[in-house]
Each structure stands twice: as C-alpha cells, then as structure tokens.
Amino acid sequence: KESCVKYLDFLRRKGKLIAVKKFDNDGCIISYEENEWIEHFHNTGHSITSGYIHIFANDLNEAREIAKASPEFNFYSEVTIEIRPVKITD
C-alpha cells in the first residue's frame, strides 16, 4: 500500500525509523497452563501480531503521535498498535 510506504519513508527521513519487519502468517501461540502446554493457531480467534515498526521517539507521547499517524488505521477496522519503550539494562 502506497500510503504505508510513504509513512515509513517519512519516518526514515525524520530519523525516527529504526527497523520494520512483517511476520509470516505461519506459526502459533503457546502457553503453559496447569502443567500442560497449550498451542493456539492464529485462526482460533486470538489477535495476530502482523509485524513491528521499531522507532526512535523522545518519549511515549511522541511515540503515540507517530503511531496515530499510521495509515494502517485507514485500511483495517481492528488495527491495534502496542507502544512500549525498549528496556535499557546496565
């Protein structure tokens, strides 16, 4: 989608884009519950993470504004973006 390419190019030009990766649709979600491994496939109603955009933002407020500008919200009604700082360890 051209608007997504333009959005990423804008972030790149502003020095805000670190990395972007799209995940393949194969795979599963696993959990360990009551001493048993549980495996959920993507078609079982669970949310799917389709990829990530790693950005540089001065703070969480700037990260929110960058995320809100994503054109993905125009294409899909159920898009969510998770905003989390990268933990820096000593």
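- Under the 4.0 Å criterion applied to side-chain N and carboxylate O atoms, Arg84 and Glu82 are assigned as salt-bridge partners.
- At a threshold of 4.5 Å between non-hydrogen side-chain atoms, the residues Phe56 and Val86 do not count as touching.
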- Query: Can Ser31 and Glu33 be said to form a side chain to side chain donor-acceptor pair (under 3.5 Å), step by step?
  - Reply: CA-CA 6 Å; Ser31 60; Glu33 302 170 18; 2.9 Å; yes

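- Atom-to-atom distance recorded for Ile81:CD1 and Ile53:CD1 is 6.5 Å, nearest 0.5 angstrom.
- Counting non-hydrogen atoms of neighbouring residues, nucleotides and ligands closer than 6.0 angstrom, the CD atom of Glu2 reaches no more than 12 such neighbours.
- Closest of all the heavy-atom pairs between Tyr7 and Pro71 is CG-CD, 3.5 Å.
- Of all heavy-atom pairs spanning Ile83 and Ala63, the tightest one is CG2-CB, 3.6 Å.
- Residues Glu72 and Cys4 come closest through the heavy atom pair OE2-SG, 3.1 Å.
- Contact annotation: the side chain of Asn74 never approaches that of Ser3 to less than 4.5 Å [non-hydrogen atoms, C-beta and beyond].
- One distance of note links CZ of Phe73 with NZ of Lys68; it measures 9.5 Å at 0.5 Å rounding.
- For the atom pair Ile38 CD1 and Ile30 CD1, the distance stands at 10.5 Å (nearest 0.5 Å).
- Residues His54 and Lys21 are not in side-chain contact: their nearest non-hydrogen atoms beyond the backbone lie 4.5 Å or more apart.
- Atom NZ of Lys6 is separated from atom CZ of Arg13 by 10.5 Å, given to the nearest 0.5 angstrom.
- Between the CD1 atom of Ile55 and the CG atom of Leu8 there is a distance of 11.0 Å, given to the nearest 0.5 Å.
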- Task: Kindly indicate, with the supporting measurements, whether the criterion side chain to side chain contact (heavy atoms under 4.5 Å, CB included) is fulfilled by Phe10 and Val5.
- Result: CA-CA 9 Å; Phe10 172 79; Val5 172; over 6 Å; no

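- The CD1 atom of Ile66 sits 11.0 Å away from atom NZ of Lys14, with the distance rounded to the nearest 0.5 Å.
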